[in-house]
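Along the sequence shown, residues carry numbers from 1. Here the structure is a predicted model, which is why all the values come from computation and not from measurement.
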Amino acid sequence: MFAALGSFVYRYRWAVIAVWVVIFAISLVYFPRVSSVLKGGGFDLPDAESGKARAIIENELGASPLSYLYVIHSDTLTADDPAFKGHVAELIRRLKDEPGVKDVSLGNTSADRHTLYFTADLDLTFDDSIAEVPRFRALVPDAEVHTYLTGSLGVYHDMVRLTDEDLRKAETYTFPIALVVMLFVFGTLVAAGMPLVMGFVSISVTLAAIYFLTSFFDMSIFVMNSASMIGLGVGIDYSLLTVNRFREEIARGNGVEAAVSRTLATAGVAIFFSGLTVVIGLSGLLLLDLMIMRSLAIGGSLVVLVAVSAALTLMPAILSVLGRRINALNVLPRRIGQGHFWHNLSLVVMRRSMLVVVVVIIALGVLASPVLGMKVGIPDASALPARMPSRIGLDIMKKSFGEAMLSPVTVVVRTSQPVLAEHSIDQLYTYVQQAADLPNVAKIESVVTLNPSLRLEEYKQLYTTMLYQGDPAMKAAVERMSKGNVTVVNVIPKDTSDPAAQRNLARELRQMSKPDGFETYVGGHGGGEIDFVDALYSRFPLTIAYTLVVTYLVLLVLFRSVVLPLKAVIVNTFSVLASYGIIVFVFQHGNFSNILNFSQTGQIEAYVPVLMFCVLFGLSMDYEVFLLTRVREEYLATGDNTQSVANGLEKTGRIITSAAAVMVVVAGAFTLGDLIDIKQLGVGLAVAIFLDATIIRALLVPAAMRLLGDWNWWAPGFIRRVLPSR
């Protein structure tokens, strides 16, 4: 089938190129616009307890779902100084005159009087709120008082901005370095440039397609970097494999049509099945039913499908036109033939196969060991670099008001009678006192804790007689926190140094006994993290099982063996676990933070290990497929397992190493960006691919295949009979 595809592409090469030129031209119009239609976040769960809490606050208490948080600070002036007060008054006046601002609510002033904050409630859509951040930042009057627009909208805006910047920065470094690697591989400028062209085409077409897909469902802003990272890697890998095999066939004296046909019959099969394994891994993310995971699954799968399509159609069409001119413009000595380094290395490894297997597994186990202490959480402003305005504003608030005040655990309480009725106040007071006794509670804000000097009977009298309305501040607070049968209780934790502290407090509040007729919904940052992490990791085992089983079945069809796919699945798991250990050692423990330019947060972004598993399992399987298809080709010709492994590694070692080098460069370039979750993903991918192409592919795989011997190729007769031909 693939040989026939090669002949078809050769015959209609100009038509194939023309179709791709049209597709690429259209993509150039739309892919630059993709960031404007992608969404921030993607971690929300409307049907979870935290989502229900937020919906009640917005729909029943009337709290604005969208607002800008302004933090005003001066090192020299206090909130009582005329210049400070005048600055705040002028900013509020400007905000109230702006269309889209519903109300301005003044917040608190810090104990040292150098910082205050307020919120501007918005009557805008989420997309417009993000897009308008620069304009609302520009409203700030010039003064010696510093003002920062922050909060969730400011953070999302800055994340979107950095995503664009990080992508451009990564591409700036990736393409020149990848070109140098390709020159060392091929020695000619034409051959070296082809994989880079394919990588750029794959990314451009994919991002343009994502632009159109956002018309049907929301997609997360994080899809840009992940799709670009995967697309550059696989696009270059597949093209590299195609060009290398085509040059081999030309060097053997084959005509151009025969070389194209033979290339697709061999390298094309490896590309198709390796792409399929990557898509299988990424499609496992769809089982998690979260917007961010769906986005990454669709974006990653789409870019792989585009890269495979380009490698099987566009690249052969271009090679059909170029023919022997693929070797034009020599820069370095021609390197079509294979050396003997990999052949000799494999023979040395296979002579000591048991020792190599034991040593490599121990080494990988040591690298993986930090994963036992992995802690995960949801990215917040700490994912941004310290120079960003939203991060600066929140850092000032943490210093001025205490970190716990910024992200309380929010409990929404629904009572059987109106909240301010005597019976409800009785029950609420008991509930709040019970919550206050929890070990990690520093303070509670509620309608029964507004004045710490008041006792239960005094609160009853205040509310049943409506005396509280005589105090404007108390009246405003009560109206803000309660309405009808619903009220909000904000629980401020003592310990915020450990990211798990808020989650533990939220769990304790959810498990706390409640008075009769009480309904409680625990939300806030702590409740939201619990729901997101639980939703993610409760179904992660299903994703793992799906990926392993379906990958095994695909490799069973490819290799027609029940043993090799099992070995491949086990070996790939080693590289994933080792990369987990590395990112915990680096990012959670804070090692190399100066070199990689990040602030330690004490946790790994929750979605990163899940995405890493799905991406790495597919990408690592790329190299397994590249190697074993060539080994199988040799085994079918000779029937000698040991010699086949040596010959297969000899003929693919340089290409796999080069492909891995490019992928390490691509992943490593994303560590130069500013978003910490993208850094974590980049480091994890770079380390795993490096290990996979060196320790695992050069040492563990040959040693394991030598131990298994001819069992590598065994399958029961009934399985061989039912396997589809390819």
Side-chain angles (χ1 to χ4, degrees), residues 35-36 40-41 63-165 221 380-403 405-407 476 480 599 674-675:
S35 63
S36 66
S64 175
L66 299 173
S67 61
Y68 294 138
L69 172 63
Y70 284 91
V71 178
I72 299 94
H73 172 79
S74 173
D75 291 330
T76 56
L77 302 178
T78 70
D80 305 308
D81 289 313
F84 194 116
K85 293 168 70 175
H87 175 83
V88 173
E90 175 61 17
L91 176 56
I92 291 175
R93 185 193 66 77
R94 293 183 182 184
L95 287 170
K96 288 184 175 180
D97 289 340
E98 285 295 316
V101 175
K102 187 164 55 176
D103 191 20
V104 177
S105 304
L106 198 60
N108 293 329
T109 303
S110 62
D112 64 6
R113 310 293 291 171
H114 285 282
T115 306
L116 66 77
Y117 68 88
F118 64 83
T119 58
D121 297 335
L122 305 176
D123 187 18
L124 298 171
T125 65
F126 179 81
D127 291 342
D128 289 341
S129 300
I130 298 296
E132 293 285 4
V133 166
R135 184 170 69 84
F136 277 87
R137 279 179 172 158
L139 292 176
V140 176
D142 294 329
E144 57 182 306
V145 180
H146 301 291
T147 302
Y148 306 94
L149 191 162
T150 182
S152 60
L153 295 177
V155 169
Y156 282 159
H157 172 272
D158 291 344
M159 282 186 174
V160 171
R161 172 185 156 191
L162 285 180
T163 298
D164 274 339
E165 292 178 3
I221 187 68
D380 55 17
S382 61
L384 295 170
R387 62 181 172 82
M388 299 305 291
S390 57
R391 170 75 184 271
I392 295 172
L394 289 179
D395 284 347
I396 290 173
M397 284 197 70
K398 289 177 184 178
K399 183 178 179 181
S400 301
F401 298 97
E403 186 169 354
M405 294 293 293
L406 295 182
S407 48
R480 175 172 51 86
S599 301
D674 291 310
L675 291 174

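Scanning both residues, R137 and L149, for their nearest heavy atoms gives NH2-O, 3.1 Å. Considering all non-hydrogen atoms of both residues, T150 and S390 come closest at OG1-O, 2.8 Å. Heavy-atom minimum distance, D128 versus Y68: O-OH, 4.5 Å. The minimum heavy-atom distance between V140 and R94, with the atom names listed, is C-NH1, 3.9 Å. Of all the heavy atoms in N108 and F401, the pair that sits closest is O-CZ, 3.6 Å. Considering all non-hydrogen atoms of both residues, G151 and L394 come closest at N-CD2, 4.4 Å.
Donor-acceptor pairing under 3.5 Å is lacking for the side chains of S110 and S400.
In this structure a side-chain-to-backbone donor-acceptor pair under 3.5 Å is missing from T119 to D121.
For E98, the side-chain contact (heavy atoms from CB on, under 4.5 Å) partners at least two apart in sequence or on another chain are V101, R135, F136, L139. In terms of the side chain to side chain donor-acceptor pair (under 3.5 Å) criterion, residue partners of T78 (sequence neighbours excluded) are, by chain and number, D81. Contacts of R93 classified as side-chain contact (heavy atoms from CB on, under 4.5 Å), with partners at least two apart in sequence or in another chain: E90, D97. By the side-chain contact (heavy atoms from CB on, under 4.5 Å) test, T109 is found to be paired with A79, R113, L116, residues two or more places apart in sequence or in another chain being considered. Residues meeting the side-chain contact (heavy atoms from CB on, under 4.5 Å) test with H146, sequence neighbours left out: Y148.
The CZ atom of F118 lies 5.5 Å from the CG atom of L95; values are rounded to the nearest 0.5 Å. If you take CG on L124 and CD on E132, they are separated by 6.5 Å, rounding to the nearest 0.5 Å. L162 contributes atom CG, which lies 6.0 Å from atom CZ of R387 (distance to the nearest 0.5 angstrom).
Annotation: side chain of L384 is in contact with side chain of L675 (closest heavy-atom distance under 4.5 Å). Between L153 and L122, some side-chain heavy-atom pair lies under the 4.5 Å cut-off. Taking the side chain as every heavy atom from C-beta outward, V88 and Y70 never approach each other to under 4.5 Å.
With H157 as the fixed residue, the side chain to side chain contact (heavy atoms under 4.5 Å, CB included) test singles out one of S152, P134, S129: P134.
Judged as a ring pair (Phe, Tyr, Trp, His ring centres under 6.0 Å), not a single pair has a partner in residues 73-112 (not counting sequence neighbours).
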Subject >> Test salt bridge (Lys or Arg N to Asp or Glu O under 4.0 Å) applied to D103 and R480, step by step >> reply: CA-CA 13 Å; D103 191 20; R480 175 172 51 86; over 6 Å; no
Subject >> side-chain contact (heavy atoms from CB on, under 4.5 Å) assessment of D158 paired with R391 >> reply: CA-CA 9 Å; D158 291 344; R391 170 75 184 271; over 6 Å; no
